[in-house]
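Let me begin by presenting the structure, written as structure tokens, before commenting on it.
So that the names make sense, note that chain A is the first sequence line, chain B the second, and so on, each numbered from 1. Because the structure is a prediction, the values reported are computed rather than measured.
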Number of protein chains: 2
Amino acid sequence: MKTIVCSVRVVAAAPGLHDNTADLDRLQQVVLQALDDRRSLVIPYRCMTSVARDFRAAGFAGFALLNNLEQGWELVGFSKEKPSIIAAMALDLGTTHLEATLLDLQTGETLSDGNLENAQITFGADILSRIHYATTKRRQQKPLAADFQDPGLDELQQVVIAAINELAAIVAARADIDPKDIRALSVSGNTTMAHLFLGLDPYHICREPYIPLFNRIQPIHGEQVGLVIAPLAPVWVMPSVGSYFGGDLISGILASGMAHSAKTRMLIDVGTNAEVVLGNSEWLIACAGAAGPALEGGVARMGMRAGSGAIEYVSIDPETYEIRFRTIGDVAAKGICGSGLIDLVAALYLTQMIDIRGKFRDSATEQDSSRAAFMKEHFVTRDDGLCFVLTGGKSGEEEDVVLEQIDLDAMIRSKAAMYAILTTLINQVGLEFSDLEEIIVAGAFGRHINPQNAITLGMLPDLPLSVYRAIGNSSLRGAEKVLLDDRARLECEKIVSSITYLELNVNQEFMIRFSGARFIPHTDPSLFPSVPLFGCIEK
Amino acid sequence: MKTIVCSVRVVAAAPGLHDNTADLDRLQQVVLQALDDRRSLVIPYRCMTSVARDFRAAGFAGFALLNNLEQGWELVGFSKEKPSIIAAMALDLGTTHLEATLLDLQTGETLSDGNLENAQITFGADILSRIHYATTKRRQQKPLAADFQDPGLDELQQVVIAAINELAAIVAARADIDPKDIRALSVSGNTTMAHLFLGLDPYHICREPYIPLFNRIQPIHGEQVGLVIAPLAPVWVMPSVGSYFGGDLISGILASGMAHSAKTRMLIDVGTNAEVVLGNSEWLIACAGAAGPALEGGVARMGMRAGSGAIEYVSIDPETYEIRFRTIGDVAAKGICGSGLIDLVAALYLTQMIDIRGKFRDSATEQDSSRAAFMKEHFVTRDDGLCFVLTGGKSGEEEDVVLEQIDLDAMIRSKAAMYAILTTLINQVGLEFSDLEEIIVAGAFGRHINPQNAITLGMLPDLPLSVYRAIGNSSLRGAEKVLLDDRARLECEKIVSSITYLELNVNQEFMIRFSGARFIPHTDPSLFPSVPLFGCIEK
């Protein structure tokens, strides 16, 4: 029995005048015999009445429902019949989005899934503004009263708990069960989200020396934070390494399997930050940097997350200059997401409509007639200067999807940051990119991007495409793993303790590498032999 | 550190850019180092915010407050200064009375004490009527709904919790502390009281085959049952052996020390029942019987518990027939308690005013003139027949304290039951009373009785008085022990598992011995060589 909740069949002797063992003592005896693993067993006070009643009603034989926790077993239910399913919810608690799957722990099958916007967004789009909101009152009251509770923190906790409850109701309805029958929850989120979820003070997370209130927490029960799932459902919160290295990334490392193998792998997860981990079963080194926003659609005016209506794929034929694009869900284009942006900028570079600095070329000096015609159709001058109209007249939307020079500049900065992060990290351990067994790209970003175009831009190293593997929402996949296998929970502890964190904010090498990477594909084109070179680099 | 709550001094390194361990992880590390006993340590979710805040406010050095539980340590508080006291309350949760002491766990000193009537009395004087009240609704609803809650049970729980809260407020006020500063509670009560205290279904306790819902329970936290002491105060409930052998008696065995010594001892505890334990460190055998009510003042019309105004001592001079008595608190007599009753009946026997059957003699046929005069003054005939007026005209009370023939008869039955219990038990193990190292008499009964008078009546065996030792409220003394020493808690487990229970209700030998003991001192006077014999026994 490895799942976080499981059932075990027991048959107890019926009580009699010569065997007057108390009901719950009797139950504990047979369950301990059935488990036979020397771990302790408790029946939480909260459920003693119902467990004892159900045990009697079942005629002292049936199935005990057990929470399988590190500190021992908790007996939380009893039924005459074997449970048809034991449902548990895995949750990726993102700063902007919540994504969940509902699993049946008895079969490992996914029963349903769902996602929802993080309702905390109204209180601040990013982590810093949420921490600010959570602790505003505190800053007005110093020294703090002994019983001071941050009203902002309480509010943010209630908002996220309500959102999780809503998502639990959605996935439960889709699986045709009651949310109260969700028997366990795993939560994978960054350090700040974990603090806000538990209502624990995030004040010092964003203040030097950046100390969280906690990194590891014993599982709590659902009712302790007001969740509407089973009251005694264990809530496992993924451990974090520090203020800027959260449980979501631990979850990703777990899901990637990189800590299992002797071969060295790299994991790239692009969210609000780009977070990168390098290593194997012996060692892990990680760092994070602000390479994300442009890639996640957070910067460009028409940028958006990879969701319905986002342009996720763009190509421009280098011969005919025919432009093609595809939106997620095949609906009218509402904007462009990270992968679409990468495709578009790569295509603009390969068709020589932007230069190696990522600047729009001047159509007036264009000598190729078909390119000149294309540029005439798609380049317009607005108040902010020259811009590229991607969906002019075709989208059916009020506003066209356009790319401005400032969007291009942001994109170049992001891709430069990404490449600088990767090279700084691999250099740190004395390896080359070619030494890597695999580069695992996580998240919506990983699912949608075309690695060849990312290589063309000089964002990802110039390696055979077979080296790249997309694993989707690795934070959620890891959260699923800990529900299904208690060894995965132990592995999280091992991962946390074996990680070395490389701080880039004060890293000179990173700054130099960042400057060198602000060209397409790079100041040193020999690093990207597969990418055609147009124009020379002015050093 | 053996006390159930203790403090330990720790000094942690201050966090910095090169040591970004989270606050609570940092605290746990230094506390685990200080404890150095391989047991697990958790910080309950409930107190994480306050502990982290106090740890920071103290500059990462000070005193951690810890619950010392079997399953591991719980860190529940932090302070810069060493706590001046760590208060804990020991509670004897009796069916009729609550008695408590407040201890300082740092010194072992008693800070204050107090007692209170068990407010559940309005719902039934005895255990059976309480169980009936708690489960009345249940009997009207069969089969029970899955979420059925007995309203009567809830009510009884609330009433006793309110009483405990009141008593906690009393002892706290007397020690000049806040009840919230009571950091632990131990509860010693019979099996039914333990169920009612926890709101757990007592329905099957009084129904064959008499199975409690639980005998042992892991410590819970004060807030889980609505106590107004520290929310995370561990509440240790003494384990019981069965429906009719409760934690109060386990507590008594613990307090007596009998399970520690190779020498065999007997423990007699008279409450609503007389409960008797025989044994040593190797074995323990116990039984209980209805010998109590008359001795505890529960039967005689003027009977009362040993409290203020109770006549606790009576003597009649065999020469002058002068009668003397003393009340508890030296106030006007309100009634007579068990010890006074034993003294009075023994005196009436020794002055030959009752016969060996416990019947009032006929004053009309009395030949001794001074005895005749005394009888004329004190014997009156009322509707119910002849009775003895103890305080006629002296008490200052409206009603005299009188002893009726039915009171005498009840007394004889009780003393016969007591002696029959003791002889059946000692015979069971093939020993004689003379083999006993000690006879320990617990409770108010033990504190007040004159063993010589109990021997005269044939209630207690005719042994040198030095064999008898009174230990007061042993249930409360045991409850104190478990607060002060964790080994005592382990010893409770050992006691529970080593006890053999002898059922007297179906015991033929007991019934025969009971009949033989219904004379003063006994059908076989050779068993009581020290007692003068008046008249012969008609077999």
Side-chain angles (χ1 to χ4, degrees), chain A residues 14-26 28 40 42-46 48-50 52-54 56-57 70-72 143-144 146-150 153 191 198-201 204 208-218 220-221 224-225 235 239-244 501 503 506, chain B residues 14-26 28 40 42-46 48-50 52-54 56-57 70-72 143-144 146-150 153 191 198-201 204-205 208-218 220-221 224-225 239-244 501 503 506:
Chain A
L17 279 174
H18 293 284
D19 176 7
N20 65 351
T21 310
D23 286 359
L24 293 185
D25 300 51
R26 180 180 306 276
Q28 279 181 290
S40 66
V42 299
I43 304 179
Y45 171 63
R46 168 78 161 80
M48 284 185 162
T49 293
S50 64
R53 181 176 302 159
D54 295 341
R56 271 205 172 247
E70 280 61 42
Q71 63 266 40
L144 293 174
D147 58 350
F148 177 81
Q149 279 290 106
D150 283 300
L153 177 56
T191 307
L198 293 168
L200 295 174
D201 187 2
H204 296 281
E208 201 181 313
Y210 314 108
I211 309 296
L213 187 141
F214 77 101
N215 277 323
R216 306 172 199 203
I217 184 171
Q218 292 266 342
I220 60 169
H221 288 140
Q224 288 185 278
V225 285
V235 177
S240 53
V241 174
S243 285
Y244 292 106
Y501 189 69
E503 182 55 67
V506 291
Chain B
L17 280 174
H18 295 283
D19 176 8
N20 66 351
T21 310
D23 285 0
L24 293 185
D25 301 53
R26 180 180 307 275
Q28 279 181 290
S40 66
V42 298
I43 303 178
Y45 173 61
R46 169 77 160 82
M48 284 186 163
T49 293
S50 63
R53 181 176 302 159
D54 295 342
R56 271 204 173 248
E70 280 62 40
Q71 63 266 41
L144 292 174
D147 59 349
F148 177 81
Q149 277 291 106
D150 283 301
L153 177 56
T191 306
L198 294 168
L200 295 174
D201 187 3
H204 296 281
I205 287 181
E208 202 178 313
Y210 315 108
I211 309 294
L213 188 142
F214 78 100
N215 277 323
R216 307 173 198 203
I217 185 170
Q218 292 265 341
I220 59 169
H221 288 140
Q224 289 185 278
V225 285
S240 53
V241 173
S243 285
Y244 292 105
Y501 189 68
E503 181 56 65
V506 291

Tell me which of these, A/Val42, A/Asn20, A/Asp25, A/Leu24, has more heavy-atom pairs under 4.5 Å with chain B than the rest.
A/Asp25
Between A/Arg56, A/Glu208, A/Glu503, A/Gln71, which residue shows the highest count of heavy-atom pairs closer than 4.5 Å to chain B?
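Highest number of heavy-atom pairs under 4.5 Å: A/Arg56.
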The interface call for A/Thr49 against chain B, heavy-atom contacts under 4.5 Å, is both
Side chain from CB out, backbone as N, CA, C, O: work out which of these in A/Gln224 comes under 4.5 Å of a heavy atom of chain B, or both, or neither.
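Contact with chain B involves both backbone and side-chain atoms of A/Gln224.
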Specify the closest pair of heavy atoms between A/Gly242 and A/Asn215, including all atoms of both residues, with the distance to one decimal.
N-OD1, 3.6 Å
What are the two closest heavy atoms between B/Tyr244 and B/Tyr501, and how far apart are they?
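Minimum heavy-atom separation between B/Tyr244 and B/Tyr501: O-OH, 3.9 Å.
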dist A/Ile43:CD1 -> B/Ile217:CD1 (nearest 0.5 Å) comes out at 9.0 Å
Restricting to side chain to side chain donor-acceptor pair (under 3.5 Å), what partner residues turn up for A/Thr191, sequence neighbours left out?
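With sequence neighbours excluded, A/Thr191 shows a side chain to side chain donor-acceptor pair (under 3.5 Å) to no residue whatsoever.
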As an exercise: rank B/Val241, B/Asp19, B/Leu200 by heavy-atom pairs under 4.5 Å with chain A and give me the winner.
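Looking at each of B/Val241, B/Asp19, B/Leu200 in turn, B/Leu200 comes out on top.
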What pairs with A/Val225 under side chain to side chain contact (heavy atoms under 4.5 Å, CB included), at least two apart in sequence or on another chain?
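Only A/Gln157, A/Ile161, A/Phe197, A/Leu198, A/Ile220, A/Leu227, B/Tyr45 meet the side chain to side chain contact (heavy atoms under 4.5 Å, CB included) criterion with A/Val225.
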